[in-house]
Each structure stands twice: as C-alpha cells, then as structure tokens.
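Notes follow once the structure below has been shown.
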Amino acid sequence: MKFQKLDLLTLLISLFLLSSCKNSGDIGLELSPTESIRGELLDTTTVLSATQIDDPASTYNMARYPLGELKDEIFGSTNADVVMSVAAPGSGFTFGKNTQIDSAVLVLPYTSGTGVERYYGDTASVLNITVKQLNSNLLDQKTFLSNATYPADDVLANVNKAVQPNTRVKITNIVTGKPDTIFSANPQLRIKLSTAMIQDKILKLDSATLANDKRFKAAFKGLKVQATTTSAKGAVVFLDMTTADGASMEIYFRKQSASTTTAIDTVVSKFPVVTSATSANTNYVAASVKHNYADAVNENIASKTQTQVTYLQAGGLRNKISFPYLTQLKEKIGGSLIVSKAQLVVELSNPTDTIPFKAPLRLALYRYDLASQRQLLPDGNPGSSTNPTGDPRPLPNTFGGFYDKAKNTYTFEVTNYIQDLIDGKTVDYGTFLAATPFTEFNLFPYPTSVSRARLGSFHNTDNKRIRLNIYYIKSNP
C-alpha cells in the first residue's frame, strides 16, 4: 500500500508493549521493498493485558459436546462430562411378550465436517468412561450452564475406550426375519450398558410409560457420561448430538415373532438422544466442564501487575486488553488524524509448549458496551443485506484472528474500532481476547473447544507480545 505526501505527513506508529524500542525495523506493518514509508514511533500508548476467568455459558443446543480429561502441566486439568435425556422410541411402542434383552449400547457419534474439531489432546490416550443414571429429570432444569453439576448414582457402564475420532466402526445391522448384515459406520463411541440395569430400569416399565415420552423421561431421568484417564496427557473428544438418527441408546432384544407363535425375532429399538428441531420429542443435552488450574495460572489471574505472559483457554480463560493512552494520540500528534490501517497482532509466548495441546486455530476479539454486554467490534460486524444493523465501513471476511503457524501469531484488522476510540465515538468499556473454534466465531465461551495458549504480555523479555500497528494520516489543523 502506498501513501503520497500531498501536503500531508504520512506517519507509521507501532505500539509495542514495552515503552521504548531501538530497532525501527521491527516496528509497524510488514511492507514490500517498494512500499517505503517514513514513520515515527510514539511511546505514549501502551497495550495492557490481563488473564481473567471467563463467565459460564449455556451449553444447551451446542454445535458439539466435549467429553474427556486433560492433564496439562502448564495450565492444569480439565474435565468435561455430558448429560442427556433419552426419548421413548415413539408413540405406541412396546417390547411385546416374552421379551429377553440381549444387550444395550449407548451410541455417541464424533463430530465431523471440514475444519471441525473432533478432539483435543493426545489421541494415544485411553478414556475410562462411566455412564450413570441422573437423579433428576433434565426437563425440570431451567439453565444448563457450563459449570453446572448434575448428580447421578446408579452405574450403567464402566469401560475403557481408545480415542479414535477418525476411525470408522463395523456394526451389525439387525434384519428381522433375514440374516443380519455388517456395515461400516461413521466414527462413534459405542458404550455397552449393563443388561441387568436396562432390564430393571426400562424393560419393567409399563406400556403406558413406554408409549409416552414425557412419562418415560420422568421414569428414566437420563444419563450422565463421564471420562477420566490414566494417560499422561489425556484428551477431550467432541460429540455430535444434533444429527438425525445419530446419538441414541440401542436396546437389542428377542421377542416372539408377529407371524408365528413359535419363532423368536431378534430386533433393536433405538431410544433417541439426539437434539433436533424436527424431532417429535424434546431432548436435552448439556455439558459440565470443570477446570482445576495450575498455581501459576491462578497467580497470574490474581496478579495486580503486568506479567510476562497471559493465559487463554476456550470456555475457561480470556484476556482483557486495553489501550489506556490511545485517546492522547491526537494531543501527541498535534492535530486530527485518519487511521488508514490498524492491526492488533497477538503473539504466542512459547509455541513449543503447545504439544500435544495445540494452539487455538482461531481467536475471538470482542468488546463490552455500557451495560457490560458482549458486542462485535465494528471491523468484525460488516453491514450487508443480511446484516442491516452492521457497520458499513469494513469489508466482509477481513477481520482475521486466524492462527499463522509460520509466525505463531494472530492478526486482527481493527481500523474502524481504533478510529472510533481515538475520536471518542466509542468508549472502551472492555476489550477481550478469547479462544474460539476454527469453524465459528463465538462471542460467548461455549465449550465447543478447549484449546489453550500462552500469550506474550507487557513485560515479556523475549519480545513475544501483543502489539498494535497503526497507519494514520494527519490532517492540517
């Protein structure tokens, strides 16, 4: 990009977290050799950052659900459980006469799709999965916050499962009156449940309860799935609980054939778990995520002074950043100015500490309004025919925030936000960085990802930091 001096002085400002810089070649936006711009570094503006525990968020109707345990020597531990209501198979369902249960399986498909996070952590980990019956009906819950606790007692399963989110599984397809078939299914967790418990809790229910979804949920209150690990690092997998004909409790049983009084048929009935707007029954699925942060993280959160690093974790930790002297820029320059380009560059403190806990592929950047409600920055909210309340200034898909693996940085285009702050059109009630899934920009800390990162901060001695690069044009007084 070139700027000409038509009675205007073109300046380049790079705002580093340190209050001085001797090497101007390390300052500002990257330019090609033909884009030479004369500039001046001002040190009147500082970028501050601090680690905060993020707010709990609703986990109802999420895109995917976390299950597992992480053991992170830098951040601490994370445990993610899933709770779910189970629907009756359909109106008028009955097991029939002389029924004998062969087996029962809880089916939990992994998430799928381009760029969608299927797991986080070490795929060599083995998860010890426990399935319990909930003590209360999820239909009676009013909120499903990520820090909620869901009591459960009776154990229906306790199994060890390898983390295999990319491996298809072979399943026997029950065909009534014909030979069974084998088919290859999408990657999924298949957890065998206690036949005796299913016999006692479901098969003994009367036909009126089995045929009515609300009565069935009151009798069989739902399931809680927990996972721990003895592996060194652990892993969290992500489950698809929204796809039709996906998550379910499958009960395989033998009953008297409808065509003869002597033959026995082997059949399977699916008790859906999936949450779907098109489903005739209302199912609830929620996540419960607990963090036990390491001492260094807790000390960083409690610190009242600037530290060398800050911590981010999706669904757990965010960074509050601020520009306390930005409004003094006009006074320093000595006139009005137009921000031609502004970028917020966020650098990892130590990229090597992410193995196997990879750096987030995307960060979110948002602000508070006067009422401390989360709002998009104008640069991340371009107006369009489908978004008439958006800002008309930015171009679509230019906001950024994606991880640059070569540079170990994230870059946001914040030209209009910085201009509004300088002009006093917007007050900085709080600006925040958070980790978000690659496939979606979350304003709220939904636990659809648990990725984490350490960022360079104000006093980072290794020159890994958050910096604000600004091009501006000074207008005549």
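Note that the coordinates shown come from a computational prediction; the quantities given were computed from them, not determined experimentally. When a residue number appears, it is its place in the shown sequence, counting from 1.
At least one donor-acceptor pair closer than 3.5 Å links the side chain of Gln188 to the backbone N or O of Asn186. Under the 3.5 Å distance criterion, the side-chain polar atoms of Thr59 are matched with a main-chain donor or acceptor of Ala287. Side chain of Thr143 to main chain of Leu145: no donor-acceptor pair is present (N/O by atom type, distance under 3.5 Å, no hydrogens or angles). Remark: side-chain polar atoms of Tyr417 are not paired, donor with acceptor, to backbone N or O of Glu413 under 3.5 angstrom. When atom types are taken as modelled, the side chain of Asn387 and the backbone of Pro382 share a donor-acceptor pair closer than 3.5 angstrom.
Using modelled atom types and a 3.5 Å distance limit, the side chains of Asp240 and Thr243 yield a donor-acceptor pair. Looking only at atom types and distance, the side chain of Tyr119 has no donor-acceptor partner in the side chain of Glu117 under 3.5 Å away. Side chains of Asn469 and Gln343: a donor-acceptor N/O pair is absent below 3.5 angstrom, by distance only. Defined by atom type and a distance below 3.5 Å, a donor-acceptor pair is missing between the side-chain atoms of Arg362 and Thr436. No side-chain donor from either of Glu440 and Tyr446 sits under 3.5 Å from a side-chain acceptor of the other. Counted by atom type alone, Thr431 and Asp428 present one or more donor-acceptor pairs between their side chains at under 3.5 Å. Of the N and O atoms on the side chains of Asn416 and Asp391, not one donor lies less than 3.5 Å from an acceptor on the other residue. Lys161 and Asn128 share no donor-acceptor pair across their side chains, judged by distance under 3.5 Å alone. For the 3.5 Å distance criterion, the side chains of Ser457 and Ser49 qualify, holding a donor opposite an acceptor. A donor and an acceptor atom, one from each side chain of Asp81 and Ser288, are nowhere located under 3.5 Å apart.
Using a 4.5 Å cut-off on side-chain heavy atoms (C-beta onward), Gln141 and Tyr60 make no contact. Looking at Pro324 and Leu48, their side chains come closer than 4.5 Å, going by heavy atoms from C-beta outward. Pro151 has its side chain out of reach of Lys224: every pair of non-hydrogen atoms, C-beta onward, lies at least 4.5 Å apart. In this structure, Leu348 and Leu455 have side chains that are in contact, with non-hydrogen atoms separated by less than 4.5 Å. At a threshold of 4.5 Å between non-hydrogen side-chain atoms, the residues Arg393 and Asp420 count as touching. For the pair Asn79 and Leu70, the minimum side-chain heavy-atom distance is 4.5 Å or more. Counting heavy atoms from C-beta on, the side chains of Ile191 and Val105 never come closer than 4.5 Å. The closest side-chain heavy-atom distance from Asn442 to Thr448 is below 4.5 Å.
Shown here for Pro437 and Arg64, the closest heavy-atom pair between the two residues is CB-NH2, 3.1 Å. Leu433 and Leu365 make their closest contact through CD2-CD1, 3.8 Å (heavy atoms, listed as atom of the first residue, atom of the second, distance). Summarising the geometry of Met62 relative to Pro447, their closest heavy-atom pair is SD-CD, 3.5 Å, with the distance given to 0.1 Å. Pairing each heavy atom of Ile422 with each of Val339, the nearest pair is CD1-CG2, 3.8 Å. The nearest pair of heavy atoms linking Glu69 to Thr229 is OE1-N, 2.8 Å. Closest non-hydrogen pair, Leu344 versus Val414, comes out as N-CG2, 3.9 Å.
Between Glu347 and Lys464, at least one side-chain nitrogen of the basic residue sits less than 4.0 Å from a carboxylate oxygen of the acidic one, meeting the salt-bridge criterion. At a threshold of 4.0 Å, the pair Asp72-Lys233 does not count as salt-bridged, since none of the basic side-chain nitrogens sits closer than that to a carboxylate oxygen. Using a cut-off of 4.0 Å between Lys/Arg side-chain N and Asp/Glu carboxylate O, Lys221 and Asp140 are scored as not salt-bridged. In this structure, Asp54 pairs ionically with Arg374, as a charged nitrogen and a carboxylate oxygen lie closer than 4.0 Å.
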- Task: Before giving the answer on side chain to side chain donor-acceptor pair (under 3.5 Å), spell out for Tyr472 and Gln419 the whole-Å C-alpha distance, their side-chain angles and the decisive distance to 0.1 Å.
- Result: CA-CA 10 Å; Tyr472 74 92; Gln419 182 75 69; over 6 Å; no
- prompt: Can you check side chain to side chain contact (heavy atoms under 4.5 Å, CB included) on Val345 and Ile466, steps first, answer last?
  reply: CA-CA 6 Å; Val345 181; Ile466 302 174; over 6 Å; no
key: Stepwise ring-ring contact (aromatic ring centres under 6.0 Å, His included) test for Phe144 and Tyr284   = CA-CA 9 Å; Phe144 299 91; Tyr284 289 98; 5.4 Å; yes
Evaluate side chain to side chain contact (heavy atoms under 4.5 Å, CB included) for Leu156 paired with Leu223, printing each intermediate quantity in order.
CA-CA 9 Å; Leu156 277 70; Leu223 301 172; 3.9 Å; yes
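Atoms CG and CE, on Asn61 and Met241 in that order, are 12.0 Å from each other to the nearest 0.5 Å. How far OG1 of Thr51 is from CD of Gln313: 12.0 Å, rounded to the nearest 0.5 Å.
Residue pairs meeting the side-chain hydrogen bond (donor to acceptor under 3.5 Å, both in side chains) criterion with at least one partner in residues 396-405, sequence neighbours excluded, are Tyr403-Asn408. Note on residues 103-114: no pairs pass side-chain hydrogen bond (donor to acceptor under 3.5 Å, both in side chains), not counting sequence neighbours.
The number of heavy atoms from other shown groups lying within 6.0 Å of NZ (Lys192) does not exceed 12.
The aromatic ring centres of Tyr311 and Phe75 sit less than 6.0 Å apart.
Looking at residues two or more places apart in sequence or on another chain, you find a side chain to side chain contact (heavy atoms under 4.5 Å, CB included) between Gln52 and Arg318, Lys320, Phe432.
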